[in-house]
Structure formats: structure tokens, C-alpha cells
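Below: one structure, written as C-alpha cells.
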Amino acid sequence: MRNQQWDVRRLPRAEGKDFLVTGGNAGIGYFVAEQLAGTGATVILGSRDAAKAEAAMASIRSRVPGARVRHVRLDLADLSSLKSTVDELDRLDAVVCNAGVLLEEPGRRMARDGHELMFATNHLGHFALIGKLMPLLSGGRIVTTGSFTAKSARLDLGDLQSARDYRPKDTYARSKLAQMLCGFELDRRLRAAGSTTASVVNHPGGALDSLTPSRPPFHVRTTGRLLRGLPAGLLLQGKEAGAWPAVRAVLDPSVQGGQLWGPRVLGLRGEPRLETVRNLLADKELAGRVWDASVDLTGLDPLESRA
């Protein structure tokens with residue numbers, strides 16, 4: 001299916017399929033879940049907060065009559081809790097590794113396992129979750145949602161968790177770069193193992209709350225907020241559009257493992273298109289070393305759990 005044939009407003013039907021969206025209760029993850037629910041698939045929202053998940057599911061049902069949505073508790077910052085999450089699932093056709101945290105305060109925070117919180121949540125938690133989900137994903141897709149900011153990030157393999165150089169936005173970008181690198185490395189290892197499961201990477205471009213449609217009660221866009229965001233809309237977009245690359249990575253039968261999908265206009269806004277994997281994202285040696293470090297930090301190799 002070529003780019004010009006893909007219609008973000010008319011998605012292919014997916015009845016009988018099951019998709020897990022991590023962080024599906026808010027932000028881009030919510031819109032990924034809402035759009036996938038519109039295809040007739042069963043969408044599972046992975047979220048720590050049951051109340052927020054219930055609000056998100058109520059919103060989806062109000063916009064998608066007959067939507068099949070449910071919630072599983074998921075705390076990516078607590079690796080010991082992931083088994084109980086996976087035990088609630090039977091099979092999956094795709095998982096969208098979307099959940100992420102961007103801290104703004106200057107103090108470095110730690111997750112329960114002793115890892116820096118952003119690196120733990122955005123990368124290590126997903127790395128371990130994929131390993132535990134692998135037996136449920138035979139022939140399915142693992143879709144990693146990275147960040148446009150990761151393209152300009154740099155990794156210090158001796159300081160992956162920013163113990164020496166902690167700056168919140170930089171640490172966030174590094175965590176997303178690690179996540180994207182391992183998404184590409186996962187696909188190379190799946191191909192080498194003869195697996196039919198595919199790993200696809202995407203990013204949402206520049207997605208702002210001020211340009212995002214209202215979804216009360218968790219997101220309300222006021223007129224003032226919209227007007228303030230309009231100048232940015234020349235280059236950026238809202239989170240509804242930011243979900244489009246991930247949704248295409250899940251649904252488009254022409255999508256292949258190892259690909260990178262992002263917005264059409266300068267990688268910042270517009271309908272999803274295939275991007276060239278270049279610079280650090282194409283560094284196979286770096287990806288392999290980040291993979292090995294992630295195995296050491298989580299105690300789990302995703303490929304060892306492959307069905």
C-alpha cells in the first residue's frame with residue numbers, strides 16, 4: 001500500500017485482532033487507542049492508574065459505538081510487576097510501546113528497581129515487557145514509539161542513566177534514542193532467528209496539547225489555548241495526528257519490520273510516511289551495545305522468551 005493510498009480517516013477493519021497500547025489512557029497513546037478501536041479491534045489500555053484508564057475508555061466508547069476496550073494495570077517503572085500484567089493477556093496481534101514520562105524538575109528521580117526514572121519507564125520497562133509478551137506475539141507487530149528529539153540525542157554508553165550528566169530534556173531524549181535503537185536491533189535479531197514477528201519504529205513529530213482536540217475530562221482545549229497554539233501549527237500538530245504513524249505501523253499490511261515511520265512534513269507534521277533510517281539510528285554497533293546493556297540492567301533478553 002503506497003503512501004498516497006493510506007487514509008488516516010478511513011482505516012482498514014481489524015475485527016478479531018487484539019492490540020495493547022501502553023500509556024493508552026492519555027496523550028498520543030489515547031489517540032492511538034481511539035483510532036485502533038474504530039477498526040473493530042479489541043484495544044487494551046496498559047496504564048498504572050485505573051481511574052484514568054476508565055475515563056479514557058468512557059471517552060473512546062462515546063466516540064466509537066460498540067468499541068471493544070479494556071484495561072490492564074501496567075507499571076513500566078516496576079519490572080517485578082510486569083509478569084502479573086502479561087498474565088492477564090491471552091494473545092496479541094500488536095503491542096504499541098508508547099508510554100513515556102518527561103520530567104521537568106531538576107532533581108534526578110529513581111524507579112523502584114533503582115534505575116533513573118525516565119530511562120526505566122521509557123526504555124527498560126518496554127524492553128522487559130516485550131520479552132514477556134513475545135510468546136503472545138507470534139507473527140504480530142511490536143511498534144515502538146520514539147521521539148523526534150531522539151534524532152539529535154547522543155548516548156554515553158558509560159552513563160546511560162545520566163548519573164553524571166542529568167538534564168531532564170536531554171535525559172528524556174537519550175531514553176527515547178535507546179528505545180528506538182533497540183526497536184531496530186530487535187527486528188534484526190528477529191529476522192536472524194527466522195521469526196515472523198516484526199519490530200517497527202515510529203515517532204509522532206511535534207505534537208502539542210494546544211493543537212490537540214478536546215477529550216474531556218482528561219484534556220480540554222480552550223479557545224485561548226487554541227489561539228496561542230495556532231502559530232506553532234504551521235510546523236507542528238496535535239496529538240491526534242501524532243498518533244497516525246503508530247496506527248499505520250500497526251495496521252498497514254505493507255509495513256515491514258525495521259522500518260521508521262513519521263509525519264510527512266519535515267518529520268514534524270502531516271500524514272505518516274516511511275523515513276530513511278540514518279545517523280545514530282542506523283548505527284548497528286551502538287544498537288547492539290545498548291541492547292546488551294539493557295539485558296544486563298533488566299536481567300532479561302526478549303529473544304530468549306520467543307515462542
Side-chain angles (χ1 to χ4, degrees), residues 20-26 29 44-50 52-53 71-89 95-137 142 144-147 150 153 155-183 185-186 189 199 286-306:
L20 171 64
V21 181
T22 72
N25 62 287
I44 305 153
L45 278 60
S47 169
R48 287 178 304 166
D49 192 316
K52 290 181 179 179
H71 166 241
V72 293
R73 186 182 184 280
L74 173 64
D75 185 353
L76 292 164
D78 181 3
L79 298 182
S80 66
S81 72
L82 297 181
K83 182 180 183 302
S84 63
T85 298
V86 175
D87 286 345
E88 294 186 45
L89 304 169
V95 55
V96 181
C97 297
N98 160 86
V101 58
L102 169 56
L103 304 177
E104 295 183 353
E105 59 266 26
R108 187 169 175 267
R109 292 175 56 189
M110 309 302 289
R112 181 172 179 174
D113 300 293
H115 305 304
E116 188 279 319
L117 186 58
M118 284 189 278
F119 191 78
T121 303
N122 302 350
H123 173 55
L124 294 179
H126 281 119
F127 187 86
L129 177 66
I130 289 167
K132 295 183 181 298
L133 289 175
M134 197 64 74
L136 310 183
L137 278 162
I142 298 160
T144 295
T145 297
S147 170
L155 282 179
D156 179 350
L157 289 167
D159 189 27
L160 282 174
Q161 301 190 62
S162 304
R164 296 191 298 269
D165 180 24
Y166 181 80
R167 289 169 290 176
K169 290 184 178 179
D170 290 342
T171 296
Y172 171 82
R174 292 171 195 145
S175 72
K176 299 303 281 186
L177 175 57
Q179 189 184 11
M180 294 171 79
L181 283 167
C182 284
E185 181 65 13
L186 173 60
R189 295 186 182 220
S199 175
L286 176 63
R289 294 178 70 184
V290 174
W291 179 281
D292 291 342
S294 302
V295 171
D296 290 342
L297 290 167
T298 61
L300 187 149
D301 186 327
L303 272 295
E304 292 183 357
S305 301
R306 186 172 57 91

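This one's a predicted model, so the numbers in the text were calculated from it and none came from an experiment. Position 1 is the first residue of the sequence, and the numbers go up from there.
Put simply, OG1 on Thr121 and NE2 on His126 are 9.0 Å apart, with the number rounded to the nearest 0.5 Å. Separating the CE atom in Met110 from the CG atom in Leu117 is a distance of 9.0 Å, to the nearest 0.5 Å. Put simply, CG on Leu124 and CG on Leu129 are 12.5 Å apart, with the number rounded to the nearest 0.5 Å. Considering CD of Gln161 and CZ of Arg108, their distance stands at 6.5 Å, rounded to 0.5 Å. Between Leu155 atom CG and Leu177 atom CG the span is 4.0 Å, to the nearest 0.5 Å. The structure places CG of Leu186 at 8.0 Å from CZ of Phe127, a figure rounded to the nearest 0.5 Å.
For Lys176 (side chain) and Thr145 (main-chain N/O), a donor-acceptor pair under 3.5 Å exists by modelled atom type. Put simply, the side chain of Gln179 never gets that close to the backbone of Gly146: no donor and acceptor are under 3.5 Å apart. Put simply, the side chain of Thr22 gets close to the backbone of Ala99: a donor and an acceptor are under 3.5 Å apart. For the pair Ser47 (side chain) and Asn25 (backbone), a donor-acceptor distance under 3.5 Å is absent. Side-chain N or O atoms of Thr298 include none that pairs as donor or acceptor with a backbone N or O of Ala128 at under 3.5 Å. A donor-acceptor pair is defined here as one N or O able to donate and one able to accept, closer than 3.5 Å; such a pair exists between the side chain of Asn122 and the backbone of Val101.
Aromatic pair Phe119/His123: centroids less than 6.0 angstrom apart.
The number of heavy-atom neighbours closer than 6.0 Å to CZ of Arg289, taken from other residues, nucleotides and ligands shown, is 12 or below. The environment of CZ in Arg48 is sparse: at most 12 heavy-atom neighbours from other residues, nucleotides or ligands sit within 6.0 Å. Residue Glu105 places its CD atom among more than 12 non-hydrogen atoms of other residues, nucleotides or ligands, all under 6.0 Å distant.
Salt-bridge check for Lys132 with Asp87: failed, with every basic side-chain N at 4.0 Å or more from each acidic carboxylate O.
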